[in-house]
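Since the structure comes first, as structure tokens, the remarks are kept for the end.
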There are 2 protein chains.
Amino acid sequence: MAHDGGCSLFWALLPSPSSLGQLVAMSGTSAPRLKDVAEAAKVSLSAASRILRGEQERFGEETCRRVLEAARKLGWRRNLLVNGIQTGRTKTVGVMIPPFDSFWVDVLAGIHLCLESADYLPITVWVGDCQEMPRFEQDEQQGLRQISRLLDRRVDGLILWPSFAVAYYEHFRELIERRVPVVVIDHEYSAEQIADSIETDEQRCAHTVAEHLLALGHREIACFSSRETAWQAWAVRRRASFEAAVDELAGLEVSTWRLNPWGSNGLEVATDILTRQPRPTAVFCVTDHEAVYVYEAAETLGLRIPEDVSVIGFADLDFAGTMHPPLTTMRQRPKEIGRRAAQLILDRLDGDYADSPPTTIRVGGDLVVRQSCSHPPCETP
Amino acid sequence: MAHDGGCSLFWALLPSPSSLGQLVAMSGTSAPRLKDVAEAAKVSLSAASRILRGEQERFGEETCRRVLEAARKLGWRRNLLVNGIQTGRTKTVGVMIPPFDSFWVDVLAGIHLCLESADYLPITVWVGDCQEMPRFEQDEQQGLRQISRLLDRRVDGLILWPSFAVAYYEHFRELIERRVPVVVIDHEYSAEQIADSIETDEQRCAHTVAEHLLALGHREIACFSSRETAWQAWAVRRRASFEAAVDELAGLEVSTWRLNPWGSNGLEVATDILTRQPRPTAVFCVTDHEAVYVYEAAETLGLRIPEDVSVIGFADLDFAGTMHPPLTTMRQRPKEIGRRAAQLILDRLDGDYADSPPTTIRVGGDLVVRQSCSHPPCETP
DNA sequence: AAAAGTTGCTCAAATACTTGAACAAGCGGC
DNA sequence: GCCGCTTGTTCAAGTATTTGAGCAACTTTT
């Protein structure tokens, strides 16, 4: 067990007062310093420093034992702030990603896992109200402030949500120049690429989706895109890739719908799609979120999924499997995306890789076939 | 706009090389120091320090302007690491909460929002694989390591996931003694309370749920609890509160089921509940997660919700509203929980509140009536 | 017995900044 | 010409730790 007597993994147990009142009221001894350890072990400050940093060969066995023992007893722990000042490295990476759905939560998970294995720590800042996809327009200033707060803490690198990539482009320049690596997730650079970027392989994924629907026999296909604001590059690419794939594979044209710029008319759009003549037999939703609207509209209109309309989503968000019927969707690999984003930062920081030109990593996806897609109804035409 | 010429909110634009290759390859000038600002403004280091910290009355208007201007041009930003060393306050709060479902994501949102307004930053560490509820047993050592990593960064306070509260009890003692405030979410202290604690008001919520079911006429009521391991105090309390409320209100006994300690037999338990004789007409699920199993089992058994069985959940997780039928559930107030947890830390840190004895804050809930509950079927008995 | 090497440890400077105290230069008023 | 005010300076110590250089003391070799 962790709390064996006499010392602890955290800090030393003081000759502890048994009453609670006392405990809270006592004026806390602040964290022990290296000086305290050195004194307790009767060695110089620098000897203690070296021994505790692992440079033990240079010292006598007995001295090492004394220092280690003293540190353990006092519950000393190294102060990474000081390390940060001295080395210019805080072992900390700033992350600005609002985890408003399970995709982004998983991306964060990947980042955490990867950074942890390198003994780095992500520091996450959120924008917007964290309840829905942030409205970039109104949150731009807040985003800038948040990045500032990260830089004040001297983060070694930065991982960012796509929306902010566009407007902050000029700022990234400066960061890169200052050797603060920046990785952007799900944002493709159109012109010169300044920072590393990692994204879902939209072309390949859209191709797979198109293949699936066409193989089932669908010919009247709709695409339900998100708000395609300038900073939602992924939506544009996903929709465009899908249109291109359907065209390439079957020479068919997809009828495309979009959310309004506020993302507030999901149900209306879904209804429009399903009441169009001729009615699409399959709807590709650029995200599982849009699929929810289609399910809702279908229910209202008395259309059965998948008998009357097939619906296919994208992302495989946590609710996709429990929808009714379970949603067929293109699963992204958010954890891998996060992991590789973090790895990119780490590589830039201390690899030989540090000076290579910016890359774009494309991560594939996996089609999860559930029960929302079937052959088109016979009486369609 | 943010990027007006000549200076920037981040760091100064250097006389920037236009080619990308150059940009990446150039040896980055590191962040400007106060010394640089002082030199640029032709004042002493300490004058610059004072002016930038707001002590401007002692200096001439012109000098202040020069210093501020120089700082802006060079893109100087204060180094919170240094501040942290000097003041012992890093303006940083460690958070150990794995956001494996939307409840915890919202708690995190609340924490972020509150801390941000005080110019604090949460530093979040995760445990487990972040995909499902962490298994505390196997993640205990990892949890301890994570807290260590936070303390190495000298966080000013700690907000913790309940599971870890129990095993780390002894360690908290030390933290409190060292004046590092600790807040535990959703964990009730049975014996002496050592840290602040914030939780959902289980009694009141369970009472409301019981009332709702009884008012609909249910008499044969089941309770589907989670794994009730020692460190899942909330589950025990929620279930017990519900049993007590049903007893108090109607003198009825609830038949209770639990997940196994690995949480792996959800579907089996749900099936057991629904095949019991006499069959319960209503199932209270300690969490929306369990409700999903009941839905699944009901579908397999050909039972309709709510015609044959009423199901009521707890938490109002993001998927509750899109379940089929939409789940009636007791909505918790995760954002408020997070906000108040953070506030508790801040109060301990610099309020007069610093020395008061540990409190427990209980946050209410709101019954969200959707479509998974109705009157019991007539032919029940 | 002197030279050389090893072991074990210490000194002092460096990291980036804050802050209190003392002090100096320039100015106007008396 | 002196007083006192404004404006700014320098000095020094403090924050917790790292690290290159170097110094004793002791052992081993010659």
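Chain letters run A, B, ... following the sequence lines, proteins first and then strands; every chain starts at 1. None of the values given here were measured: they were computed from a predicted structure.
- Smallest separation of non-hydrogen atoms from B:L108 and B:P99: CD1-CB, 3.7 Å.
- Partners of A:T359 under the side chain to side chain donor-acceptor pair (under 3.5 Å) rule, at least two apart in sequence or in another chain, are A:D196, A:Y353.
- Taking a 4.0 Å limit (strictly below) on heavy-atom distances, residues 61-68 of chain A reaches DNA chain C at A:T63.
- Evaluation of the side-chain contact (heavy atoms from CB on, under 4.5 Å) rule for A:L349 yields A:R89, A:Y120, A:D156, A:P181, A:I345 as partners, not counting sequence neighbours.
- Legend: residues meeting side-chain contact (heavy atoms from CB on, under 4.5 Å) with A:S44, ordered by chain and number and at least two apart, are A:S46, A:A47.
- In this structure, the CG atom of A:N79 is 13 Å from the C1' atom of C:dT15, given to the nearest Å.
- In this structure, CD of B:E57 is placed 16 Å from C1' of D:dC5, rounded to the nearest angstrom.
- Taking only side-chain atoms of A:A47, from C-beta outward, the nucleotide of D:dT17, C:dT10, C:dC17 with the closest atom is C:dT10.
- In this structure, B:R78 does not reach the C:dC17 phosphate: none of its side-chain N or O atoms is under 4.0 Å from OP1 or OP2.
- Following rounding to the nearest Å, A:D36 (CG) and D:dT15 (P) show an atom-to-atom distance of 11 Å.
- Closest contact between the side chain of B:L34 and the listed nucleotides C:dT10, D:dT10, C:dT18 involves C:dT18.
- Scored by the salt bridge (charged side-chain N to carboxylate O under 4.0 Å, His left out) test, B:R340 finds B:E336 as partners (sequence neighbours excluded).
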key: Contact state string [nucleotides 21-28 of chain C, B base, S sugar-phosphate only, - no protein heavy atom under 4.0 Å]   = B-------
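- Residues satisfying the side chain to side chain donor-acceptor pair (under 3.5 Å) criterion with A:R145, sequence neighbours excluded, are absent altogether.
- Residues passing the salt bridge (charged side-chain N to carboxylate O under 4.0 Å, His left out) test with A:E61: none are found, sequence neighbours excluded.
- A:L80 has its CG atom 15 Å from the C1' atom of C:dT15, to the nearest Å.
- Residue B:R53 contributes atom CZ, which lies 11 Å from atom P of C:dG20 at whole-angstrom precision.
- Residue B:R33 has no polar side-chain atom (N or O) positioned under 4.0 Å from OP1 or OP2 of C:dC17.
- Between the CD atom of B:E55 and the P atom of D:dT7 there is a distance of 14 Å, rounded to whole Å.
- Here the C1' atom of nucleotide D:dT19 and the CG atom of A:L52 are 15 Å apart, to the nearest Å.
- With sequence neighbours excluded, the residues satisfying side chain to side chain donor-acceptor pair (under 3.5 Å) with A:Q146 are A:R149, B:E116.
- The shortest distance between side-chain heavy atoms of A:R154 and A:T92 does not fall below 4.5 Å.
- For the side chain to side chain donor-acceptor pair (under 3.5 Å) test, residues two or more places apart in sequence or in another chain that qualify with A:N83 are A:R53.
- In this structure, A:K42 reaches neither bases nor backbone, as no heavy-atom distance under 4.0 Å exists between it and the strands shown.
- In terms of heavy-atom proximity, B:W76 sits nearest to B:L34 at NE1-N, 3.3 Å.
- Taking every heavy atom of residues 81-90 of chain B and every atom of DNA chain C, pairs under 4.0 Å involve B:V82, B:Q86, by number.
- Every salt bridge (charged side-chain N to carboxylate O under 4.0 Å, His left out) that A:E69 has, sequence neighbours left out, goes to A:R72, A:K73.
- Sequence order on DNA chain D of the closest nucleotides to B:L45 and A:S49 puts B:L45 first from the 5' end.
- As rounded to whole Å, 15 Å separates atom C1' of C:dT19 from atom CD1 of B:I51.
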